[in-house]
Amino acid sequence: MTAPIVVAGASMAGLRAAEQLRAAGWDGPITLVGDEPHMPYNRPPLSKEVLAGKATFDSLAFRPRASVSDVRWRLGATIVRAALDRQVVELDDGETLPYRALVVATGMRPRRLRCPGPVTGRHTVRTLADARGLREALTRPGVRVVVVGAGFIGCEVAASAVALGAAEVTVVDPLPLPMVGPLGELLAGALLARHRERGVRFALGTGVSAFQGGDRVTGVALADGRVLAADVVVESVGSAANTEWLEGNGLDLSDGVLTDEHLRAGGRPDVIAVGDVARFPNARYDGVPRRVEHWCIPTDTAKHAAKVLTAHLTGADHGLAPFAPLPTFWSDQHDFRLQSFGAPALGKDDVRVLDGDLDGDVLVGYHRDGRLVGVVALGGQSAAAAAARYRAELLQQPAPTA
């Protein structure tokens, strides 16, 4: 029997990889392995619509294409190790799966704070189970919420908690502004003002030193000496790549799985990485490999990687230019949206207002060496529409010369 392509990871990236392999002409066996018991589902609504009660858990499930109806699913199973030279992976139940090619789509997991104190009452937001537990905690009357981390998830959870009627919502972050990493100071300052206007409190420029309480959290001690009362703590302090199972195979796993310009890992044509676990160079900007944790990346990486892998397995030339996606993100917070195209983090040293003003709907452009590399809109539909008009311009730009 022909060994299958094994897709390690059964969330969006894994599903899209299987679908794109079929679209690229691969008609051989495919096995998807995922540690959650659920079929793939959409994660971004977990911190927004699901927490706010505007979407059901069942509504998040993706509908796989008919082309993958014959795929073997191994859900509720975890790959614990791989032997790439022998082309096998081992599951936590002892089963060994030989493969003809391997797709790494194991994604990320939330980082946790290593601080003394109780664990009960502390939450993360990554899985359906996480969101279920957090929503139950946030809907208790008079709840006081401390969100640690002012990034995408932290700001979205804070907005959801306010909408649910929490008595107090405080966001803690060692940086001086929320989402300053991807947005830069100009737009991050406007974002801070909007959250404060809607009732979110901030403790910025400080971190957490300890959690207080007996069996469960009742307070958060900050590094600057303050103590915040808390019934619910949400830890949104970044992600760690799920790559431990690949150790010992000579891959660069220092931040996800390092790949070449065609998403091949470690120079191996039979191993590719997709989704936010992949650290790849983007020919649209430069040759620096980076991970990108945006919703568009699972589909974009899967489409390119599937063509590359199918060509290798069939002995054909994939004929593709180096991978050069246009990153896209959006974030719904309170009654406004952040909408971005491109890579604004690469142009934070040269930020210009392109349309509108910071007190209303605004569109900001990010430039690198005088070249527009990203746009971000903050506000309502008009701002998002203004950002979308720049998408074509960003797509048409030639890659920078070395």
Side-chain angles (χ1 to χ4, degrees), residues 1-22 24 26-37 40 68 70-109 239-281 289 291 298 301-302 304-316 318 323:
M1 180 176 179
T2 303
I5 293 177
V6 169
V7 181
S11 61
M12 181 182 181
L15 172 62
R16 296 293 181 249
E19 292 174 340
Q20 291 300 323
L21 282 165
R22 291 288 187 244
W26 177 253
D27 60 3
I30 300 174
T31 299
L32 272 86
V33 182
D35 57 2
E36 289 190 75
V68 295
D70 61 343
V71 164
R72 180 192 180 201
W73 293 86
R74 287 285 278 107
L75 299 177
T78 302
I79 297 179
V80 293
R81 64 184 57 86
L84 302 188
D85 289 338
R86 294 190 291 115
Q87 292 187 305
V88 296
V89 295
E90 182 182 336
L91 307 187
D92 55 352
D93 63 2
E95 181 182 359
T96 298
L97 298 178
Y99 65 80
R100 187 171 177 187
L102 177 66
V103 179
V104 180
T106 40
M108 313 297 290
R109 64 181 181 276
S239 304
N242 295 316
T243 57
E244 291 82 359
W245 61 281
L246 286 166
E247 291 176 355
N249 286 285
L251 302 180
D252 183 337
L253 307 176
S254 56
D255 179 20
V257 178
L258 177 65
T259 76
D260 65 10
E261 71 278 11
H262 290 300
L263 301 169
R264 296 171 295 207
R268 295 176 178 269
D270 62 336
V271 181
I272 59 173
V274 298
D276 49 13
V277 76
R279 178 162 52 101
F280 58 88
R291 286 191 312 98
T301 53
H304 189 95
K307 293 176 181 177
V308 171
L309 188 57
T310 300
H312 163 67
L313 294 175
T314 58
H318 60 71
F323 187 49

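Note that this is a predicted model, so its numbers are computed, not measured.
Judged by distance alone, the side chain of N242 and the main-chain N or O of M108 form a donor-acceptor pair under 3.5 Å. Side-chain atoms of R291 come within 3.5 Å of backbone N or O of D276 as a donor-acceptor pair. Side chain of D252 to backbone of L258: no donor-acceptor contact under 3.5 angstrom is found. Without hydrogens or angle criteria, E90 side chain to T96 main chain gives no donor-acceptor distance under 3.5 Å. Distance alone, capped at 3.5 Å, is enough to place a donor-acceptor pair between the D93 side chain and the E95 backbone.
Nearest heavy atom pair, residue A17 against residue V274, reads CB-CG2, 4.4 Å. Between W73 and A10, the shortest heavy-atom contact is CZ3-CB, 4.0 Å. A pairwise comparison of heavy atoms in A82 and L246 identifies CB-CD2, 4.2 Å as the closest pair. Nearest heavy-atom pair across V71 and R22 is CG2-NH2, 4.5 Å. Shortest non-hydrogen contact noted between A302 and Q20 is O-CB, 3.6 Å. The nearest pair of heavy atoms linking F323 to L263 is CD2-CD2, 4.0 Å.
Within 6.0 Å of atom CG in D27, 12 or fewer heavy atoms from other residues, nucleotides or ligands are found, so the atom counts as exposed in its surroundings.
Take E19 and apply the side chain to side chain contact (heavy atoms under 4.5 Å, CB included) test, not counting sequence neighbours, and it matches L15, R16, P64, R65, V68.
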Report the C-alpha distance between V104 and V271 in whole Å, list the side-chain angles of each, state the deciding distance to 0.1 Å, and finish with yes or no for side-chain contact (heavy atoms from CB on, under 4.5 Å).
-> CA-CA 7 Å; V104 180; V271 181; 4.1 Å; yes
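For the pairing with T78, the side chain to side chain contact (heavy atoms under 4.5 Å, CB included) check across D92, L91, T106, V33 returns one residue only, D92. When each of I30, V88, V89 is checked for a side chain to side chain contact (heavy atoms under 4.5 Å, CB included) with V6, only V89 meets the rule.
Residues in residues 240-250 take part in these salt bridge (Lys or Arg N to Asp or Glu O under 4.0 Å) pairs, two or more places apart or across chains: R109-E244.
Between H262 and H304, the angle of the ring planes stays under 30°, which puts this pair in the parallel group of the 30/60° scheme.
The side-chain heavy atoms of Y99 and L84, taken from C-beta on, include a pair separated by under 4.5 Å. Residues R279 and S254 are in side-chain contact: their nearest non-hydrogen atoms beyond the backbone lie under 4.5 Å apart. Between I272 and R264, some side-chain heavy-atom pair lies under the 4.5 Å cut-off.
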Acceptor/donor pairs from residues 305-312 side chains to any protein atom, 3.5 angstrom cut, sequence neighbours excluded:
{"unit_1": "T310", "atom_1": "OG1", "unit_2": "A306", "atom_2": "O", "d": "2.8"}

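I79 contributes atom CD1, which lies 7.0 Å from atom CG of L97 (distance to the nearest 0.5 angstrom). For the atom pair CG (D85) and CG (N249), the distance works out to 7.0 Å, reported to the nearest 0.5 Å.
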